[in-house]
Amino acid sequence: MAEMAGMAKAKAVGMAETAASRAGTGGPSDKNKIVEQIVGWALVVVLAMLVTQLGLA
């Protein structure tokens, strides 16, 4: 009985470690941060151009 409780505890700890290692931002990858920054700024520029062309600013 105690052996089963120990196995359940080990499994729960293993699952928590796996979940912690998978936790992230949900983005495509954390390796290419420069690409993510460039795409983000490009979207900001496009949005600013759209706002000015529509006369909203």
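Other residues, nucleotides and ligands contribute at most 12 non-hydrogen atoms within 6.0 Å of the CD1 atom of Ile34.
There is no path of hydrophobic side-chain contacts, each under 4.5 Å, that joins Val45 to Ile38. Using a 4.5 Å cut-off between side-chain heavy atoms of Ile, Leu, Val, Met, Phe, Trp and Tyr, with links allowed through other members, Leu56 and Leu50 fall into the same hydrophobic cluster. Residues Val51 and Leu54 share a single hydrophobic cluster, defined by chaining ILVMFWY side chains whose heavy atoms lie under 4.5 Å apart.
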